[in-house]
Amino acid sequence: AQSVTQLGSHVSVSEGALVLLRCNYSSSVPPYLFWYVQYPNQGLQLLLKYTSAATLVKGINGFEAEFKKSETSFHLTKPSAHMSDAAEYFCAVSGGTGGFKTIFGAGTRLFVKA
Amino acid sequence: GAVVSQHPSWVICKSGTSVKIECRSLDFQATTMFWYRQFPKQSLMLMATSNEGSKATYEQGVEKDKFLINHASLTLSTLTVTSAHPEDSSFYICSASRGGITEAFFGQGTRLTVV
């Protein structure tokens, strides 16, 4: 079975500050890991994905994440927050016998203060 | 490429009626499609997995007689909410995948409101 735990349901940062959203996963097989962003009343947008290639993954809008197998983590970072980054962020895992059944974490709401 | 389209984007229906939501893969053949449900301010919960030409596999706790899923072709899966009630109001999202790719692609979601 696969699962994802996102630490912190809400994260608040000041504009220009570092963004760090935490994600830990559990998987009995090599996982594929994803970060998605969801703006209010909209669908999901893929920020980045890890699929067993480079452990440091760069995504859209200046976001990146590092896969750390020893820590079973896939934290999302952005050096400088922008007001437009305020949204809900979901970490997700897939792979193994479930095909690309994607299991989502509970989500982290990012607030950006001016 | 890899575009998944859902229709309708939003729908309002009366309690007791049925509503059908379509999920189409526009530029690839989807051997597997997934249906998710998202309540306000919550995460996406997987409802069922459907493979083309086979019966859907439902997650524990999901009523298969209430949420009918049909995956009749490699580009279309439908979710029918039967005898809808206000508690079925939610955001429904589908995703599609095929062999040889490393992710599932998501539709834009359908907002269902039952009045």
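In the text below, chain A, chain B and the rest are named by the order of the sequence lines, each starting its count at 1. Note: hydrogens, waters and symmetry copies are ignored here, and every other heavy atom, side chains too, is used.
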A/F104-B/F106 aromatic ring centre distance below 6.0 Å: yes
ILVMFWY network linking B/L112 to B/V115, side-chain heavy atoms under 4.5 angstrom: no
Under 3.5 Å donor-acceptor, B/S43 side chain and A/G107 backbone: no
Connected via hydrophobic side-chain network under 4.5 Å: A/V112 and A/Y39: yes
Nearest-0.5 Å distance, CD of residue B/E103 to CZ of residue A/F34: 5.5 Å
Neighbour count above 12 (heavy atom, 6.0 Å) for B/H7 NE2: no
ILVMFWY network linking A/V19 to A/V57, side-chain heavy atoms under 4.5 angstrom: yes
Which atoms of A/E88 approach chain B - backbone, side chain, both or neither, heavy atom under 4.5 Å: neither
Shared hydrophobic cluster, A/I60 / A/L20 (ILVMFWY, side-chain heavy atoms < 4.5 Å): no
CZ/A/R22: more than 12 non-hydrogen atoms of other groups inside 6.0 Å: no
Residue B/L46 versus chain A: region with a heavy atom under 4.5 Å: side chain
Residue B/K20 excluded, over 12 heavy atoms near NZ under 6.0 Å: no
Side chain, backbone, both or neither of A/Q38 within contact of chain B (heavy atoms, under 4.5 Å): side chain
Contact leader toward chain B among A/P40, A/A106, A/A92, A/S9, where contacts are heavy-atom pairs under 4.5 Å: A/A106
Residue pair B/F91, A/N41: steps toward the side chain to side chain contact (heavy atoms under 4.5 Å, CB included) verdict: CA-CA 9 Å; B/F91 194 54; A/N41 298 311; over 6 Å; no
Rounded distance (nearest 0.5 Å) linking atom CG of B/L44 with atom CG of A/L44: 5.0 Å
Among B/T49, B/T32, B/T57, side-chain contact (heavy atoms from CB on, under 4.5 Å) partner for A/K101: B/T49
From A/I103 atom CD1 to B/F34 atom CZ, the distance as rounded to the nearest 0.5 Å: 9.0 Å
Same apolar cluster: B/Y92 and B/V11, side chain cutoff 4.5 Å: yes
B/Q38, part contacting chain A, at a heavy-atom distance under 4.5 Å: side chain
